[in-house]
Amino acid sequence: MFYDEAKIYVRGGDGGNGIVAFRREKYVPRGGPSGGDGGRGGSVILEADASLRTLVDFRYRTHYRAERGQHGQGKNKHGRSAPDLVLRVPVGVVVRDAATGQILADLVEPGQRVVVAAGGRGGRGNARFATPTDRAPTYAEKGEPGEERWLILELKLLADVGLIGMPNAGKSTLLSRISAARPKIADYPFTTLTPVLGMVRMDEGKSFVVADIPGLIEGAHQGAGLGLKFLRHIERTRVLVHVLDVSLPAEDVWRNWQVVNKELEHYNPQLARRPQVIAANKMDVPGGEEKVAYLKDRLADAYPVFPIAAATGAGLEPLLYYLAEMLERLPPPAPLIEPEEEKVTAFTPEEITIIREGDVFLVQNREIERRVAMTYLDNDEAVRRLQNYLRQKGLEDALQRAGVFPGATVRIGKYEFEYMDEA
């Protein structure tokens, strides 16, 4: 089966916990703090692999979690960082955040990678908090939680030329003639149920990739037939070859041309403006010349028309050379999103969002949520340090502006606290 869409859950590994420890050696008086840092959690990474063709591997498994980092140890021993979890996907996959629909990456090159769920950093041990005024800190940090999200993976085939047209127009026969691809061919509609790629090799080492897309029918952009499922696979093509069956009456040939182009316009207006070449197929059937003349008259030279007979191979050479010359002039398709360097986000008190749900006040600020998750809440010294941090970030003022009251519940991430008036 051909699977070109998948929804998966990914979670980066949590960082290892830092620990509280002190040196206790016979000849080392007042050894001081020696708690080591935790290791970093593994990240979940998607990597484009040219050997893969579908997303079938994600049909049977949808949850992926990287390992957490190792906890720190005494004697200033740091925990081991966890390995990254690398998931291989086909070249041409678009990665979206399932919650927001935002495009995170467009993997168009073999070996291209994107981190979709970063691992959490390791928590610091108490040795890292020693100062001249606090030489024996009794607190450390937990590991940072790894990122988690649901992703939509959408495969859009990488092809230079896309074959479009109504069902049974002869697209699969054409592809089998010009390449080594062997699509299923029969004399009934929707013979092709999945997109098929074929490599066309020209002289002097020139070549290009052609995609045979299952036939479009009227209403394809709304889900009729197979159109909606596979229209995405011609979005990356640079040239469209519109295969028309000229064995039909002239009025039907013209109507089929209009129907397919109207579906392209509805699905993506840019597709309708893409360079298009018409392959007038089945010229081996009597009356084909009249249909081609009728078609050229209606089009008024707006599109080049090549009379062909895919079944016999007649007329294919001029068409292929014309396509090869076009592709040399056209630029390669740009990815939907350019790779970006890692972003560093600065959080300020103004970015704290408070959402009230009855007596519950939900705090939304990624840095504050991270700091709370990394605090040992059963350690009084660590809690006092957290309270000072939250006060400096302006959380107290933000809560009061939101109408907080003594006894209300303040939720930060996965943790809940009872608000108490310090006065």
Side-chain angles (χ1 to χ4, degrees), residues 1-15 41-49 52-68 82 84-109 112-120 144-158 194-195 221-223 226-236 267-268 334-343 345 347 351 353 355 357 362-370 373 411-414:
M1 292 292 291
F2 181 80
Y3 295 99
D4 58 358
E5 192 170 15
K7 183 176 182 179
I8 63 172
Y9 170 84
V10 292
R11 178 185 171 92
D14 296 342
S43 297
V44 181
I45 298 174
L46 299 184
E47 179 179 355
D49 188 333
L52 299 178
R53 291 291 179 266
T54 77
L55 296 169
V56 64
D57 291 343
F58 300 100
R59 174 176 172 81
Y60 305 104
R61 180 182 174 189
T62 58
H63 286 65
Y64 297 87
R65 293 179 173 85
E67 297 179 17
R68 77 169 302 158
D84 294 330
L85 175 59
V86 180
L87 306 178
R88 299 185 304 129
V89 297
V91 175
V93 161
V94 177
V95 185
R96 300 178 186 270
D97 186 291
T100 65
Q102 177 188 6
I103 297 178
L104 305 178
D106 187 10
L107 304 178
V108 296
E109 297 289 341
Q112 186 178 346
R113 287 185 163 199
V114 60
V115 177
V116 291
E144 179 185 16
E147 293 182 342
E148 58 180 327
R149 61 180 11 143
W150 280 92
L151 300 175
I152 298 294
L153 306 182
E154 186 179 72
L155 175 59
K156 297 184 179 183
L157 295 180
L158 295 174
T194 64
H221 71 283
Q222 297 175 329
L226 301 174
L228 185 62
K229 183 172 178 60
F230 296 118
L231 271 167
R232 71 167 68 101
H233 294 297
I234 58 174
E235 287 190 277
R236 299 188 193 272
Y267 178 75
N268 184 343
L336 299 180
I337 182 173
E338 296 292 341
E340 297 182 359
E341 297 182 356
E342 184 177 354
K343 296 180 180 179
T345 305
F347 292 89
E351 293 174 325
T353 301
I355 299 177
E357 298 176 352
L362 177 62
V363 178
Q364 293 183 342
N365 181 285
R366 193 163 37 159
E367 182 67 12
I368 288 178
E369 293 173 26
R370 182 186 69 87
R411 183 181 300 156
I412 304 176
K414 299 178 180 179

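Below, each value reflects all heavy atoms present in this structure, side chains not excepted, and no hydrogens, waters or symmetry copies.
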Asker: Could you tell me which residues satisfy salt bridge (charged side-chain N to carboxylate O under 4.0 Å, His left out) with Arg65, sequence neighbours excluded, listed by chain and number?
Answerer: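 Once residues adjacent in sequence are excluded, Arg65 has no partner under the salt bridge (charged side-chain N to carboxylate O under 4.0 Å, His left out) criterion.
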Asker: Taking Arg88 for its side chain and Pro90 for its backbone only, find out whether a donor-acceptor pair lies under 3.5 Å.
Answerer: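 Checked: no pair found.
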Asker: Please list, chain by chain and in numerical order, all residues satisfying side chain to side chain donor-acceptor pair (under 3.5 Å) with Glu47, sequence neighbours excluded.
Answerer: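 In terms of side chain to side chain donor-acceptor pair (under 3.5 Å), with neighbours along the sequence ignored, Glu47 is linked to Arg113.
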Asker: Check whether any side-chain heavy atom of Arg96 sits under 4.5 Å from a side-chain heavy atom of Leu104, and report yes or no.
Answerer: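 Arg96 vs Leu104: side chains apart.
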Asker: Does some side-chain heavy atom of Ile45 sit less than 4.5 Å from a side-chain heavy atom of Val114?
Answerer: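 No - every pair of side-chain heavy atoms lies 4.5 Å or more apart.
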Asker: State, to 0.1 Å, how close Gly146 and Asp14 come at their nearest heavy-atom pair, and which atoms those are.
Answerer: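 Taking Gly146 first and Asp14 second, the nearest heavy atoms are N-OD1, 2.9 Å.
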Asker: Less than 4.5 Å apart, any side-chain heavy atom of Leu87 and any of Tyr64?
Answerer: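 Yes. Closest side-chain heavy atoms under 4.5 Å.
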Asker: Would you say that Tyr267 contacts Glu235 through its side chain, given a criterion of any heavy-atom pair below 4.5 Å between the two side chains?
Answerer: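 Contact flag for Tyr267/Glu235 side chains = yes.
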Asker: Heavy-atom count around Glu109 CD within 6.0 Å, excluding the residue itself: above 12?
Answerer: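 Not more than 12 within 6.0 Å, no.
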Asker: Find out whether Val89 and Leu52 are in side-chain contact, i.e. whether some heavy atom of one side chain is under 4.5 Å from a heavy atom of the other.
Answerer: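 They are not in side-chain contact.
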Asker: If we ignore hydrogens and angles and just use 3.5 Å, is the side chain of Arg236 paired with the main-chain N or O of Gly92 as donor and acceptor?
Answerer: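 A pair under 3.5 Å: yes.
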Asker: Where is the tightest heavy-atom contact between Val10 and Val44, given as atom of each residue plus distance?
Answerer: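 For Val10 versus Val44, the nearest heavy atoms are CG1-CG1, 3.8 Å.
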Asker: Begin from the C-alpha positions of Asn365 and Glu351 and carry the test side-chain hydrogen bond (donor to acceptor under 3.5 Å, both in side chains) through to its verdict.
Answerer: CA-CA 7 Å; Asn365 181 285; Glu351 293 174 325; 5.1 Å; no
Asker: Specify whether His63 and Tyr9 have parallel, tilted or perpendicular ring planes, treating 30° as the upper limit for parallel and 60° as the lower limit for perpendicular.
Answerer: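 Aromatic pair His63/Tyr9 classed tilted.
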Asker: Is the shortest heavy-atom distance from the side chain of Leu46 to the side chain of Val95 under 4.5 Å?
Answerer: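 Answer yes - side chains close enough.
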Asker: Can you list the residues that meet the salt bridge (charged side-chain N to carboxylate O under 4.0 Å, His left out) rule with Asp84, with sequence neighbours excluded?
Answerer: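 Partners of Asp84 under the salt bridge (charged side-chain N to carboxylate O under 4.0 Å, His left out) test: none.
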Asker: Any carboxylate oxygen within less than 4.0 angstrom of a Lys/Arg side-chain nitrogen, looking at Glu367 and Arg370?
Answerer: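 Counted as a salt bridge, because a side-chain N and a carboxylate O are separated by less than 4.0 Å.
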